Every structure is written in C-alpha cells, then in structure tokens.
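This report concerns only the one structure given below.
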Amino acid sequence: MGSTAQQTIDADLYTQKWFKNWKIITVSTIALILAAVSFYQATHFNANIKINGVEVGGMSAGKALKKLQTSLLKNDIYLGEKLIVDGKDTKMGFTNDDLPGIKQHLKDQWSFFPTFKEKEYTLVSGQQDQYRSETLKTELEQKLTSMNQSLTAPVDAHVSLVEGDIVVSKSVDGTQYDVASIMKEYEKQGYRSEIHLKPTYLLALNEDSEKVKNEKQKLQTLLQHTVEYKVQDKVHTLSGSKLIKNATISEDLKVSIDPSTINSKITEINEAQSTLGKDFSFKTHSGSIISVKGQGYGWALDVEKEAAQIQAAFENGETTLSASNIQGNGWSGEGYGYETTANNGIGDTYAEVSIAEQRIWLYKDGKLVLTSNVVTGKRSTGEDTSPGVWYILFKRTPYTLKGSAVGKADYSVPVSYWAPFTNSGQGFHDAGWRTNWSSTAYLTGGSGGCINVTPNVMKAVYDNLSVHQPVVVY
C-alpha cells in the first residue's frame, strides 16, 4: 500500500477518535450543568415566590428566614377598601425553629427547571404573636361593634298570633356588619403585613326561612293544643283555638301568651263553681230547704294565679292541670270546702244551729250523732250569734275565755271546752254558771254571741266537732 493511502487511513482514524472524545466531553459537561441546576433548584426558591407577601425568589431557606425576620408587619386592617384599624408596626416573630417550615415550602415549590410562575405561601410562626392574636383582634371587634351602632340592624320576618290569626311580618334588610363572620375571616388571615377583610353583612331572615316556618308550626301546634283543667270534680276542656287570641314567640321558640282571655275563662269557671261569699242551699233537720250565706266557710279560685298556671301549661305543652290556688276567709286567706262536693258543698259532717229553736244537731257522715238544747247570743242587746256558714277554727280543752259583753266590764272566764267558729270570737263552750236554759233565755239573757252548751253535754259536743268542720247557723 502506498504512502498516500496510508496517510488517508490515519487521518480518518484520527478524526473518528476526536469526535468520539468530543462527544464524551460534551455529555459530561451537560451532566455537570444539569447537576448544578438541580442542586440550585433544590436549595433556592424560584423567582416570583412569596411567603406571607414577602419576596423570597432566588433565596435559600436560610436567607428567606432572615428576610422574614427583618420584615415589618404594618398590621393595618382594611374592610373592603376602607382602612378601619391602623395597627402598630411589628416584626414577624420567626425564629430558627421556623426554618423547617420554610424548607418545606422550598420543597413544595421545587421544579426541575427554573420557572417564573407566581406562587405565594403562608407560614405561621411557632411563637404566637400575642399582638395579633389578642390586642389587634380585640381592637378589630370593638371597632366593628362601634361601627354597627350607627348602622341599621336587619329585622327578621317574624310570626305572631293576632286576634286568633297567625300573622307573618315581612323582613327588612339592614346595613350592619356580621361581626362574627368577619372575625372568623380574621382568624384565617395569613401572616401578612396588611390584613384585607371582605365586608359581610347581617342578613334578615325572610318569610320563607326555616326559622319562620318553625315559628308558624309552633303557633299552629299551640292553637291545636288542649288542656284538661280540673276544678273539684269537674274537668274543663280548654282549647287553644278558642282560648288564645294573641301570642308572640321568642328567638328560641318560646311562646308568650296574652293572658286576658284565659283570665276571663277562669273567672267564668270561678263564678260557676266557687262558694266563697255565696248562699248555700241547706236542708235542715226538719227537711226544709233554706238558703244560708257563706261566711267563714267557702272557697274561690285565685283567678290571677290559676290563669298564670294555665298559660304556662299551654306554653309548655302540658295536657292536664288541677286547680291549686284556693283562697277564702281563713286567717291566712285560705279557703275551706274545696274538697267537699256533697250536700251542696257543705258535706255530710257538719254542725247545725237553729237560733229560733235554740238547738244544735251534729251530723257525721250523714248520720245524726248528737242533738241538744243550747242558748245563743243575747237578742235584746244585738249580740245574736251570727247566721251563716262557718267552720271550726280550732279546739282547746281547757281554755280561758277573755272579752267583753254589752253593758259589762271585760271578763276572763275559764271553761272546760272551747271550739270557736268565727274570727270575732263566737264558738261552742260549756257554761256552768248559767241557770236559765229555757228556749227563750237568749232573748234577754243570752250569751255575748257564743253558743252555750250544758256542761254534761259539752264534752260529747266537743268530741264530735272537728277542725274545719262546717257550722251552719240560721
């Protein structure tokens, strides 16, 4: 082979070797460049990256931390476009303990090749910022509350009962801020220099709201409700639709009833059933029917208190109620005879006193157990024993009677048995000093108003009288 051909072969081999080495060098360089880019991307933030509104693009985690530590928070609060709280400047309270959080954001924003895409992250310091969490928060809430005082509050649609009809009022919008919602938004704000809050307003509940529907249902249930009201042995069915004409309902769905119609109904029941101050129809020992006015004995409903109980029963959904507020002429305003319905309210155990016959009859469970002649109050001086239906106040044995009589000085007389039935001091007692026991003795020689009983009979009389037992004097 000639020299020229050999040179050509050598040149080709040299060229191939050079290209081969160049390719190796180029791949290695690219690999080094890519490795450098990857390392940089892993340790530095991309451009246009913000943390809490602070630019950290191109910075390492450490440099980003230092910038955050030196950045000022204006702490100005805007509601919409309006500055409402001019807070004091503070520094972000970041420490080296917050570096892991920054590194996490560095990892989150990583991309293999650099990017100019804007991203913003939030980082909350592990050390609580008391100025923001307490002072500034309180200042904001006070400011919103103060602003609301000059604004119009919304008026919710509301349901009420008017003259028996369920009426729904229309809602009216207002201009007051929804403080609770705005404060919740404040809690969600990041660690930014300025705080921008969206204005939210208190909304009025309209006529189709669930609350209004519930109020309507509550009043409809009230009108359909009935209360079985028992007075003595009679039960009165009180219907809400007939008895309740006006009512309101509170925010927590509690009903308040106008008691006027309830008062009228209880007054009606009281007039029909009570005995206080009324005439009792009474059958005497002889079988004749007479009318005797109730005096100490008798009962009546305390209309005001009973109406209040019935009102509460309707408001609380109760279905049965018994009368419990009974009044009368007792020493403490108590009434007697409410539990008694037999014998026109007098019952079957009572004492009968006839002034005209000067005699008493004692009945127990409808049977005559004792009768005796007596001497009643002195007619000539107007000291008659008082007619009426009374009751035994108490019993004492022995006892000392003290008082005065017409034309006589004050007296103090001991007796063996004493059972008074009037608050003025009239009652049954023995009178051992009396010598005139005739049926006409009371006309000019009667007592000072008491019922004198012979000593030999008085013990039996006393034993057959019981406290609160009716005494019918006629």
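Since the model is a prediction, treat every value here as computed from it, not as a measurement.
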Can you find a pair of side-chain heavy atoms, one from [X] and one from [Y], that are under 4.5 Å apart?
X	Y	value
Glu318	Val227	no
Ser281	Ile289	yes
Tyr462	Thr397	yes
Arg132	Ile195	yes
Tyr191	Met92	yes
Cys450	Asn452	yes
Val231	Tyr338	yes
Leu203	Asp178	no

Nearest-0.5 Å distance that lies between atom [atom1] in [X] and atom [atom2] in [Y]:
X	Y	atom1	atom2	answer
Ser386	Phe421	OG	CZ	7.5 Å
Gln327	Ser274	CD	OG	9.5 Å
Asp348	Asn343	CG	CG	6.0 Å
Asp258	Ile244	CG	CD1	10.0 Å
Lys242	Lys265	NZ	NZ	8.5 Å
Gln189	His196	CD	NE2	9.0 Å

Measure from the side-chain N and O atoms of [X] to the backbone N and O of [Y], and report whether any donor-acceptor pair falls under 3.5 Å.
X	Y	answer
Gln358	Thr376	yes
Gln69	Phe94	yes
Glu134	Tyr131	no
Asn75	Lys88	yes
Asp156	Leu205	yes
Thr226	Leu238	no
Thr385	Gly449	yes
Asn148	Leu151	no
Lys198	Gly80	no
Thr340	Gly345	no

Should Thr349 and Asp365 be marked as a side chain to side chain contact (heavy atoms under 4.5 Å, CB included) after you check the CA-CA gap, both sets of side-chain angles, and the distance that decides it? CA-CA 5 Å; Thr349 299; Asp365 298 327; 3.6 Å; yes

When you check the side-chain N and O atoms of [X] and [Y], is any donor under 3.5 Å from an acceptor?
X	Y	answer
Gln130	Thr135	no
Glu306	Asn325	yes
Gln217	Thr221	yes
Thr237	Glu228	yes
His236	Glu268	no

Nearest atoms (heavy-atom pairs only) where [X] meets [Y]:
X	Y	result
Glu383	Thr381	OE1-OG1, 2.6 Å
Asn46	Gln109	N-OE1, 2.8 Å
Lys218	Leu253	CE-O, 3.1 Å
Leu222	Phe314	CD1-O, 3.7 Å
Thr275	Gly298	OG1-CA, 3.3 Å
Ile392	Ser466	CB-O, 3.3 Å

Applying side chain to side chain contact (heavy atoms under 4.5 Å, CB included) to Glu334 and His468, what does each step give before you reach the verdict? CA-CA 11 Å; Glu334 69 273 22; His468 304 154; 5.7 Å; no

Does Lys137 count as lying over the ring of Tyr186, i.e. NZ or CZ under 6.0 Å from the six-ring centre, within 45 degrees of the axis? no

Would Leu140 and Met183 count as a side chain to side chain contact (heavy atoms under 4.5 Å, CB included) here? Give the steps. CA-CA 8 Å; Leu140 170 61; Met183 293 307 299; 3.7 Å; yes

Would Lys211 and Glu215 count as a salt bridge (Lys or Arg N to Asp or Glu O under 4.0 Å) here? Give the steps. CA-CA 6 Å; Lys211 175 176 177 292; Glu215 289 177 352; 2.6 Å; yes

Taking the six-membered ring for Trp, are Tyr201 and Tyr177 parallel (under 30°), tilted (30 to 60°) or perpendicular (over 60°)? parallel

Is the ring pair Phe394/Trp331 parallel, tilted or perpendicular, if the boundaries are 30 and 60 degrees? tilted

Among Ile346, Thr284, Asp279, Val389, which residue meets the side chain to side chain contact (heavy atoms under 4.5 Å, CB included) test with Val292? Val389

For residues 250-294, which residue pairs pass the ring pair (Phe, Tyr, Trp, His ring centres under 6.0 Å) check, not counting sequence neighbours? Phe280-Tyr297, Phe282-Tyr350, His285-Trp361

Just wondering, more than 12 heavy atoms not from [X] lying within 6.0 Å of its [atom1]?
X	atom1	value
Lys395	NZ	yes
Asp233	CG	yes
Lys103	NZ	no
Lys364	NZ	no

List the atom pairs, with distances to 0.1 Å, where a side-chain N or O of residues 48-56 and a protein N or O form a donor-acceptor pair under 3.5 Å, not counting sequence neighbours.
| from | atom 1 | to | atom 2 | distance (Å) |
| --- | --- | --- | --- | --- |
| Asn48 | ND2 | Phe116 | O | 2.8 |
| Asn52 | OD1 | Leu123 | N | 2.9 |
| Asn52 | ND2 | Leu123 | O | 2.8 |

For Glu304, what residues pass the salt bridge (charged side-chain N to carboxylate O under 4.0 Å, His left out) criterion, not counting sequence neighbours? none

Check the pair Glu163 / Asn246 against side chain to side chain contact (heavy atoms under 4.5 Å, CB included), numbers first and verdict last. CA-CA 6 Å; Glu163 295 302 322; Asn246 298 285; 3.5 Å; yes

